[in-house]
Amino acid sequence: MAVQQQTYENLDAPTSNAWLENSEKAKKRSKWIVTGSVVALAVLIALGVGLGVGLSKKSSNNSTSSTSSGSAPNGTNPNDPTNFPKNSALKQSFYGIAYTPLGSQMPDCGNSLTEVIEDMQLLSQITTNIRLYGADCNQSSLVLAAIQATGVNMNVYLGNYPASDDNGTAYLRQKGEIQTALQQFGAGHVLGVTVGNEFILDYVTGQGQQDPNGSAGQEAAAMLIPWINDTRSMLAGMGLSNITVGNADAGSYFNTQVLEAVDYGMSNVHPWFANQTIDYAANWTADFFENTNVVVAQALPNKPKMFIAETGWPTDTSQFNYNPNDGPSIASVGNLQIFIDTFACQATANGTGYFFFEFSDEPWKATTYGGVEGYWGLFDSNKNFKNLTLPDCNQTKT
């Protein structure tokens, strides 16, 4: 059945969904690619963990340092990734963090096990849950290998980032990599597999439409739902029916049939792009998510659990594609601090599952898309923790 989604007018946002279309298009995540054979990957990961030598890092458009002074775990015993210093400035303040290993863009695939191990050492100090967007560039295997190597308490939602114009090539490639990762490292730390990221948004707006349940939305759903069902069948065939299958999209672009086919939905809800003031950003995020996503999902027969897939506040902007009218409150570390203080603990306390956007700044976005796109991290691109004070939420996250 069709469910009428609440529009942004009801929550004092702009009078159309243009902010979502423009911002989420600009925020395109590059589609990650997996390369290399199963045997080669297993050998490299074994070497990386056992000998403390990371997978060779190819040149990429990201600038990443593992010896930064603010919070990167200098002094780590390279032969024992479980032995790493803790940063007293870090607290487990977040339900979850949106994460992509730096260097996970094609064609470079410049990520490495060494870097992902370091990321897990840092992430484990601020959360127990992360979500990935795709499986390309060996992301699934690298993350599960790093969790195994470090022994940290970390759960992950794996991701498959399919395309609408390649007859399922990207989906099948990433499906194979997810399957390989689960076979190689097990499913003990895997909570779900998210199929699709802004798939409906991209397809619908690409067809010049806005309604996710209109003709373009139904066409997109007809592509996406078989992949969702196929992922569920793959997991069942592996004896992993306990792993949930979901979908992620922009907050106003969930197709009803897609939601009826999944166990969970992940919604991108960004007060910055909705032109909210920083003082009202947290309240707007909670109100929008509840009224546009949670209420809608609870009206469906399967009642999929809803998460906030992305929310946060940028800390800087580049001059490239700079928009002086981005919003009434500036991109700054100070305003990120306000958003953390008014959202993070409160959301966890009221039972909202959310993934804060994001772990670290991504320089390639600043050069590719400009504006605020590269500056959403809690850490900078060298993994220095920004000048933030994390609250002590004193909550148990599951």
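Residue numbers run from 1 in the order of the sequence given.
Aromatic pair W376/F339: centroids not less than 6.0 angstrom apart. Y280 and W284 have their aromatic ring centers separated by at least 6.0 angstrom. Proximity of the aromatic rings of F199 and W227 is defined here by a centroid distance below 6.0 angstrom, and this criterion is met.
A donor-acceptor pair under 3.5 Å links the side-chain atoms of N293 to the main chain of G251, judged by distance alone. Listed for the N138 side chain is no donor-acceptor partner under 3.5 Å among the backbone atoms of L142. Under a 3.5 Å cut-off, the side chain of N384 and the backbone N or O of D380 do not form any donor-acceptor pair. The closest donor-acceptor contact from the side chain of N321 to the backbone of G371 lies at 3.5 Å or more, if one exists at all. Remark: side-chain polar atoms of Y253 are not paired, donor with acceptor, to backbone N or O of D202 under 3.5 angstrom. The closest donor-acceptor contact from the side chain of D361 to the backbone of G377 lies under 3.5 Å. Of the possible polar contacts, none joining the T292 side chain to the F289 backbone as a donor-acceptor pair under 3.5 Å is found. At least one donor-acceptor pair under 3.5 Å links the side chain of Q174 to the backbone N or O of A170. Formation of a donor-acceptor pair under 3.5 Å by the N255 side chain with backbone atoms of P212 is found in this model.
How far CG of L90 is from CD of Q121: 12.0 Å, rounded to the nearest 0.5 Å. Taken to the nearest 0.5 Å, the CG atom of L378 stands 14.0 Å off from the NZ atom of K383. Summarising the geometry, atom CG belonging to D263 is positioned 12.0 Å from atom CG belonging to L191; distances are rounded to the nearest 0.5 Å. Separation of atoms NE2 (H189) and CG (N153) is listed at 8.0 Å; rounding is to 0.5 Å. Here the CD1 atom belonging to I126 is positioned 7.0 Å from the CG atom belonging to L390, to the nearest 0.5 angstrom. In this structure, M223 CE and N167 CG are separated by 10.0 Å, a value rounded to the nearest 0.5 Å.
For T244 and Y157, the side-chain atoms include no donor-acceptor pair closer than 3.5 Å. Side-chain atoms of D341 and Q337 form a donor-acceptor pair, as typed in the model, at a separation below 3.5 Å. In this structure, a donor-acceptor pair under 3.5 Å is absent between the side chains of N129 and T127. A donor-acceptor pair shorter than 3.5 Å cannot be found between the side chains of S329 and N335. If you check the side chains of E219 and Y203, you find a donor sitting under 3.5 Å from an acceptor. In this model, a donor atom of one side chain and an acceptor atom of the other lie less than 3.5 Å apart for S141 and E177. Side-chain contact annotation: T277 with D279, donor-acceptor N/O pair under 3.5 Å absent. Defined by atom type and a distance below 3.5 Å, a donor-acceptor pair is present between the side-chain atoms of Q209 and S215. Counting only N and O atoms by type, the side chains of N87 and Q125 include no donor and acceptor under 3.5 Å apart.
Inter-residue side-chain proximity for L235 and L182 is flagged as met; some heavy-atom pair is nearer than 4.5 Å. No side-chain heavy atom of F254 sits less than 4.5 Å from a side-chain heavy atom of V296.
Dense packing is recorded around CG of N302, with more than 12 heavy atoms of other residues, nucleotides or ligands lying under 6.0 Å away.
Under the 30°/60° scheme for interplanar angles, the aromatic rings of F307 and Y95 are found to be tilted.
The hydrophobic cluster containing F320 does not contain I330, counting ILVMFWY residues as joined when their side-chain heavy atoms lie under 4.5 angstrom apart, directly or transitively. Under the 4.5 Å side-chain contact rule for hydrophobic residues, M266 and V295 do not share a cluster. Cluster annotation: I117 and Y99 are assigned to the same hydrophobic cluster (Ile/Leu/Val/Met/Phe/Trp/Tyr, side-chain heavy-atom contacts under 4.5 Å, transitive). A single hydrophobic cluster is seen to contain both I97 and V156, as judged by linkage of ILVMFWY side chains at heavy-atom distances under 4.5 Å, directly or through other members. Note: the hydrophobic cluster containing F379 does not contain Y375 (ILVMFWY, side chain heavy atoms under 4.5 Å, direct or indirect links).
Figure legend: cation-pi geometry between R131 and Y133, with NZ or CZ positioned under 6.0 Å from the six-membered ring centre and within 45° of its axis. Figure legend: cation-pi geometry between K86 and F84, with NZ or CZ positioned under 6.0 Å from the six-membered ring centre and within 45° of its axis.
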